[in-house]
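A short write-up of the structure that comes next.
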Amino acid sequence: MKKLLLGNAAVAAGAHEAGVRVVSSYPGTPSTEITESTVQYEDIYCEWAPNEKVAAEVAIGAAIGGARAMSCCKHVGLNVMADPIFTASYTGVNAGLVICVADDPGMHSSQNEQDSRHYAKASKIMMLEPSDSSECKEFTKQAFSLSEKFDTPVFIRLTTRVSHSQSLVDIFSPDHITLKPYEKNAAKYVMMPANAIKRHVDVEERMEKIREFAEKTDLNRVEMHSDEIGVITSGAAFMYAKEALGDNASYLKIGMPYPLPERLILNFAARVKKLYVIEELDPIIEEHCKSLGLEVIGKEAFTLLGEYSVNMIKKAVLGVDEPETAKSDINIPVRPPVMCAGCPHRGTFYVLKKLGLTVSGDIGCYTLGAAAPLSTIDTCICMGASVSAAHGMAKARGKEFNKKLVSVIGDSTFIHSGITGLIDIVYNKGANTVIILDNSITGMTGHQDNPTTGKTIRGEATKQVDLMLLCKAVGVDSVRIADPFDVKSFEKTVKEEIEKDEPSVIIAQRPCALLKKVKYTGHCVITDKCRNCKQCLKAGCPAIFVKDGKPFIEPTQCNGCTLCTNICPFGAIVKEDR
């Protein structure tokens, strides 16, 4: 049976066909749909973990326990996951273990543009890289077999375009993979120094076998069309190169970017007159080719930055310059990303902007609080850094700075890696104020449940983490819940908490406006009482703009959340329940 699938959904299908039993992940664009697609397979245990490190540890434990297992993350999630993954390279596996990592060239939804192929080399873990949905499924199935063959975890590297594009996939019934017996083996799985020293020898011997495998596997393949131009490429760049150059070039498609073959590359190079390496992000393949003594054209013709395109490759290789996009005479307005109408974070940032506070920010929808007109967030580093970075700022600048400083962090992000930062503040006698933006969901990645929502990935009822009790348990005495849309009360709460010489937490509690359970009705209108002070515009709501010199609320954009009615100082905005 053939199906049109996203690359991510195809990875899930491959895992299912390979007989996977356990999948544990943390959502992160562009990897999220792998785990979400796995939910449809009832014979796979599937979960959202609190963070990527925990997810990897669950999958590693399952693999040691005898079940094929998988964990999925985005590229920055691999940073969080790295600690157990590097050690899993030493322990090896019992049953197959696959780690899916999705890179984000162009940073469509990320804070950096790192290349995860570096992790494969650093951890000495085999990596496969598909180019379309069909390969996503097939490479995933092969990855589990290779994991068991070579006693190693295996990376599957995806990128945004491969994860989120669709192509036809052949779907088959799952393989019947029995649970492997578990046998106690401390020398293999207990990584204290005496054992780890011996396991490192095994890792190096394993790598020699995998390097030989890289020379022969059909994961790497040659397509000969021309002896004038040769292209070594991988992933999405292979698809772009094929479309740009067609039969004008021959191709060595690298489906296994670590370890890279040597003889295969040298033999291919000998068959063409001019050799290009076309790869997005870092020059991993290019530097390998140069280490073999080959003259290749790589980053000097392309770029280290962002995504490639068909036209970019056509211009660099063939000298054919075509416009990247179609031109239009229509003046299309710029549409920057913005928090949705009714977003609960808007009330929080309106108050923080009004108070002129320094705001240590974090990763989530609320990072858009850095954009005009709110322009509130001062820093955004990584998941959980809002809490610990603010602690560092306060220790650097002194007590009085604390009264002008707050952290903002989402409920899911707080569970992910904010708790330890809060413990650090309490333990080291800090006095920071942390605002947990509790919107009842993991919003940025598409409404995934988390430990604070009381539901599992399959929507089953479970224990719900009580944020107030959690904060009190780590030593914060002053914990308050406030509604960010009750602007006056919220402002009063923030003023009181930042004045305290002790750690404090404000839980800004209001659900995401896009949740099905949120039933905003009607829309707001501006009446004749308006004095044109334009205070309502400072909320940055996409439904409010200036029309004929005065503020106007577009009824098709407004959902009637009423934040603007609480902001207007003259009561000039009212809600109509039509």
Using distance alone, with no hydrogens and no angle criterion, decide if [X] and [Y] have a side-chain donor and acceptor under 3.5 Å apart.
{"X": "Asp104", "Y": "His75", "answer": "no"}
{"X": "Ser375", "Y": "Lys353", "answer": "no"}
{"X": "Asp378", "Y": "Thr358", "answer": "no"}
{"X": "Asn402", "Y": "Lys404", "answer": "no"}
{"X": "Ser478", "Y": "Lys500", "answer": "yes"}

Main-chain N/O of [Y] paired with [X] side-chain donor or acceptor, under 3.5 Å:
{"X": "Asn428", "Y": "Gly430", "result": "no"}
{"X": "Thr527", "Y": "Ala572", "result": "yes"}
{"X": "Lys74", "Y": "Thr32", "result": "no"}
{"X": "Arg346", "Y": "Met339", "result": "yes"}
{"X": "Thr91", "Y": "Ala88", "result": "yes"}
{"X": "Asp282", "Y": "Asp115", "result": "no"}
{"X": "Thr376", "Y": "Leu374", "result": "yes"}

How about [X] and [Y]: do any of their side-chain heavy atoms sit closer than 4.5 Å?
{"X": "Val98", "Y": "Phe155", "answer": "no"}
{"X": "Val23", "Y": "Glu47", "answer": "no"}
{"X": "Asp411", "Y": "Leu437", "answer": "no"}
{"X": "Ile284", "Y": "His118", "answer": "yes"}
{"X": "Val434", "Y": "Ile409", "answer": "yes"}
{"X": "Val518", "Y": "Leu514", "answer": "no"}
{"X": "Leu405", "Y": "Ile498", "answer": "no"}
{"X": "Ile436", "Y": "Val505", "answer": "yes"}

Indicate the atoms forming the closest heavy-atom contact of [X] with [Y], along with that distance.
{"X": "His164", "Y": "Leu6", "result": "O-CD2, 3.3 Å"}
{"X": "Ser360", "Y": "Ser386", "result": "OG-O, 2.8 Å"}
{"X": "Thr445", "Y": "Pro27", "result": "OG1-CB, 3.6 Å"}
{"X": "Met383", "Y": "Asp362", "result": "CA-OD1, 3.4 Å"}
{"X": "Cys564", "Y": "Ile553", "result": "SG-CD1, 4.1 Å"}
{"X": "Asp483", "Y": "Phe490", "result": "O-CB, 3.8 Å"}

Hey, is [X] close enough to [Y] for a salt bridge, meaning N to O under 4.0 Å?
{"X": "Glu460", "Y": "Lys455", "value": "no"}
{"X": "Glu554", "Y": "Lys547", "value": "no"}
{"X": "Lys399", "Y": "Asp501", "value": "no"}
{"X": "Lys495", "Y": "Glu499", "value": "no"}
{"X": "Asp424", "Y": "Lys429", "value": "no"}
{"X": "Glu491", "Y": "Lys488", "value": "no"}

List the steps and the verdict of side chain to side chain donor-acceptor pair (under 3.5 Å) for Tyr366 and Thr413.
CA-CA 11 Å; Tyr366 48 88; Thr413 310; 3.2 Å; yes
Atom pair [atom1] ([X]) and [atom2] ([Y]), whose distance is rounded to the nearest 0.5 Å:
{"X": "His523", "Y": "Cys558", "atom1": "NE2", "atom2": "SG", "result": "7.0 Å"}
{"X": "Leu305", "Y": "Met107", "atom1": "CG", "atom2": "CE", "result": "7.5 Å"}
{"X": "Thr87", "Y": "Met191", "atom1": "OG1", "atom2": "CE", "result": "8.5 Å"}
{"X": "Ser116", "Y": "Asp103", "atom1": "OG", "atom2": "CG", "result": "3.5 Å"}
{"X": "Ile125", "Y": "Ser89", "atom1": "CD1", "atom2": "OG", "result": "4.5 Å"}
{"X": "Cys541", "Y": "Gln557", "atom1": "SG", "atom2": "CD", "result": "8.5 Å"}

Could you tell me whether [X] atom [atom1] has more than 12 heavy atoms of other residues or ligands within 6.0 Å of it?
{"X": "Lys121", "atom1": "NZ", "answer": "no"}
{"X": "Tyr427", "atom1": "OH", "answer": "no"}
{"X": "Arg480", "atom1": "CZ", "answer": "yes"}
{"X": "Arg458", "atom1": "CZ", "answer": "yes"}
{"X": "Lys534", "atom1": "NZ", "answer": "yes"}

Checking Thr433 against Glu497 for the side chain to side chain donor-acceptor pair (under 3.5 Å) test, could you report, in this order, the C-alpha distance in whole Å, the side-chain angles of both residues, the deciding distance, and whether it holds?
CA-CA 7 Å; Thr433 297; Glu497 294 307 309; 5.7 Å; no
Go through the steps to decide whether Asn450 and Thr442 satisfy the test side chain to side chain donor-acceptor pair (under 3.5 Å), and finish with yes or no.
CA-CA 7 Å; Asn450 65 65; Thr442 307; 3.0 Å; yes
Not counting sequence neighbours, which residues clear side chain to side chain contact (heavy atoms under 4.5 Å, CB included) with Asn79? List them please.
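Checked Asn79 against side chain to side chain contact (heavy atoms under 4.5 Å, CB included); matches are Val76, Gln114, Tyr119.
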Passes salt bridge (Lys or Arg N to Asp or Glu O under 4.0 Å), Asp548 versus Lys550? Steps please.
CA-CA 6 Å; Asp548 299 327; Lys550 295 187 70 174; over 6 Å; no
Side chain to side chain donor-acceptor pair (under 3.5 Å) with Tyr26: of Ser412, Ser31, Ser71, only one passes, and it is Ser412
Taking the cut-offs as 6.0 angstrom to the six-membered ring centre and 45 degrees off its axis, would you call Arg199 and Tyr90 a cation-pi pair?
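Relative to the ring axis of Tyr90, which defines the angle, Arg199 lies outside at least one limit.
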